[in-house]
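The structure appears right after this line, and notes come after that.
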Amino acid sequence: MNATVIGSQLGDEGKGGIVDVFAGDADIVVRYQGGANAGHTVAHDGETYELRLLPSGVVQGAVGVLGNGCVVDLSVLFAELDALRERGISPDVRIDARAHVVLPYHRALDSIEETARGETGDTVGTTGNGIGPAYEDKAGRRGVRAGDLVASGPHDGQLDALVSRKRRLVEAITDGDAASIAVDGSDVTSSAADSTAPFDADAIAETLREWGERLDAENMVVDTGAFLTASHHDGKSIVFEGAQGTHIDVDHGTYPFVTSSNPTLGGAITGTGVDPSIVAGGHVIGVVKSYLSRVGNGPMPTELAERRADEVRELVGAFGTVTGRPRRIGWLDLPMLRHATRVNGFTGLAITHVDTLAEFDGLRLCTAYELDGERVETIPATRSAWERCEPIYESMATWAPQDWDAVAQTGYGAIPDAARTYLETVAEALDVPLVAVGVGPGREATVVLANPLDEARSLDRGSDTRPIVPRDESAT
Ligand code: IMP
């Protein structure tokens, strides 16, 4: 069986940990969109791995693939590979020939665009990794793809023309000298590409040549669609990993406060080129964090006031993995989850961070919104309407802290009653069964109720006989 793992909220739901749990049974883990903007924390055998580009499953020995829907900063990819190798893990990583490459000027343009938006108070709060500008160039038919680097590469005239157009554009916008524009380091994580001057065509050409040589030497470039389809027919199991959450999807999220790609299910098809029936015939696991957090700007109806958010941050240590920014915090929002369930067709839910809410005073669950005097069950399409939504809450009983490792070992029945009520309220509202519950950061701290890779699609939505919790587990 195959499974797609998708964030149901605004990113940072704990997808990396859930992929890691299932990756032990997967042969291949493929990322189908996004780039070094993602931050996945994988805890394994007492070690913690922070991954931005590599699919989380590589830590467990699955083949890791970056599909054609990704935009790849190769300096970050190579640095991650080297860091893992130093720690004794030698992952088998492939990158699609059609995947676009993030170039040094994309990061500079990201920073310039955010600064310009700031003048009208409209910054997105991007991670500063050049994601939007790289996808703009893809759609604008002027991108550079991984396959180009191992073939002839963009020829000098082509690169000169590209860089020159960017430089003139930037000079016009900034009234300045593009050569002196540095990538704003204040909110941007480090990248070896920082050392390449963003608008120097010769320096970029040299960087591209080095990247191409390494891709070639390590034989990393593949045709993902052909590779995955053949692997599927050979009986291999594949996990498709969405890099961001549903509500920062460029089509289905809180536009314009979104990333520039599709983490939702359709992205797994267009972002890999695999036979669509392979994605559609597998499970779709929605990862839900038991509260809400957001690192960028944009509407968030259940957001907690700053003082209360500080308390939660203190409790859960909520800071962005990539940017280190404090996360905004809110109550779990069912209207958002209903939207995510429809857009992705979830067949199972993995609810994470249940341990972090223990003993949390005054726990609330947003069950619907009031919008212009009407009760609405799911999110409206426009930002202005969403900003007018008033959450309707249900108070929930909290639970005491536990020896969560022991809980994880014993199984679902050891989870405190109040926490089970919380989990089952969510699963019932969405009519999707629970397949996993995260009660701590490590793989061992995940209670697995059903492994999608072991099962045929018995967890399908719409099945009348489907239990919210498999009977044998709930009895333990
Ligand atoms: P970008 O993807 O860097 O262009 O950022 C666009 C928006 O998506 C910003 O609000 C970011 O904070 C958000 N974002 C991008 N990647 C992630 C992620 O992996 N987790 C959470 N938020 C993200």
Side-chain angles (χ1 to χ4, degrees), residues 5-19 31-42 50-56 66 69-73 76 80 100 102 106-118 122-139 183-184 186-189 191 241-264 267 271 287-289 291-300 303 318-330 336 340 352-353 383:
V5 179
I6 300 178
S8 63
Q9 296 153 316
L10 295 153
D12 306 324
E13 296 92 350
K15 290 178 297 294
I18 295 300
V19 171
R31 267 190 56 180
Y32 50 84
Q33 49 73 227
N37 48 348
H40 290 167
T41 306
V42 180
E50 305 280 357
L51 301 176
R52 291 167 55 194
L53 260 173
L54 288 173
S56 326
L66 296 170
C70 296
V71 288
V72 184
D73 183 333
V76 175
E80 278 187 9
H100 281 246
V102 175
H106 290 136
R107 303 180 77 241
L109 292 169
D110 197 348
S111 170
I112 291 163
E113 171 75 6
E114 282 286 84
T115 306
R117 294 177 72 109
D122 238 3
T123 49
V124 174
T126 71
T127 64
N129 286 289
I131 304 299
Y135 279 114
E136 278 176 43
D137 278 353
K138 173 178 177 175
V183 177
D184 173 9
S186 59
D187 200 19
V188 176
T189 40
S191 152
E241 174 179 303
Q244 279 86 24
T246 296
H247 293 85
I248 54 173
D249 180 289
V250 68
D251 287 286
H252 303 290
T254 60
Y255 193 88
F257 303 104
V258 292
T259 191
S260 300
S261 61
N262 292 116
T264 47
V287 186
V288 177
K289 180 145 86 176
Y291 60 94
L292 207 54
S293 67
R294 177 165 207 159
V295 283
N297 298 334
M300 190 171 167
E303 183 166 13
F319 295 88
T321 314
V322 175
T323 62
R325 291 180 287 183
R327 291 180 177 135
R328 297 159 63 198
I329 304 288
M336 283 177 74
T352 63
H353 292 263
R383 164 188 175 186

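Numbering of ligands and ligand atoms starts at 1, following listing order. Each residue takes its place number in the sequence, starting with 1. Predicted model, so just to flag it, every value in this text is computed and none were measured.
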Q) Can you list the steps and then say if Leu10 with Met336 is a side-chain contact (heavy atoms from CB on, under 4.5 Å)? A) CA-CA 10 Å; Leu10 295 153; Met336 283 177 74; 3.8 Å; yes

May I ask you to check whether Thr259 has an N/O atom sitting below 3.5 Å from an N/O atom of ligand 1? yes

Counting from 1 in the order shown, the ligand 1 atoms closer than 4.0 Å to a non-hydrogen atom of Val295 are 12 (O), 21 (C), 22 (N)

Check: Does a donor on one side chain sit under 3.5 Å from an acceptor on the other, for Asp12 and Ser293?
Finding: no

**Message:** With nothing but distance in play, are any N or O atoms of Gly125 less than 3.5 Å from an N or O of ligand 1?
**Reply:** yes

side-chain hydrogen bond (donor to acceptor under 3.5 Å, both in side chains) filter on Thr259, not counting sequence neighbours, yields Asn37

If you measure from each heavy atom of Asn129 to ligand 1, is any distance below 4.0 Å?
-> no

Shortest non-hydrogen pair, Val250 vs Tyr255, comes out as O-CD1, 3.5 Å

Nitrogen or oxygen atoms of Asn37 and ligand 1 under 3.5 Å apart:
yes

Rounded to the nearest 0.5 angstrom, the CG-CG distance for Asp251 and Asn262 is 5.0 Å

- Side-chain donor-acceptor pair under 3.5 Å between His106 and Asp137, yes or no? yes

Restricting to heavy atoms, the pick from Leu10, Val258, Val71 nearest atom 6 (C) of ligand 1 would be Val258

ask   = Heavy atom of Gly39 under 4.0 Å from ligand 1?
value = yes

Logged contact type for Thr127 with ligand 1, heavy-atom cut-off 4.0 Å, is both

Interatomic distance, CZ@Arg294 vs CZ@Arg327, rounded to 0.5 Å, equals 13.0 Å

Worksheet entry | Distance-only N or O hit between ligand 1 and Ser260, under 3.5 Å | no

Counting from 1 in the order shown, the ligand 1 atoms closer than 4.0 Å to a non-hydrogen atom of Asp12 are 20 (N), 21 (C)

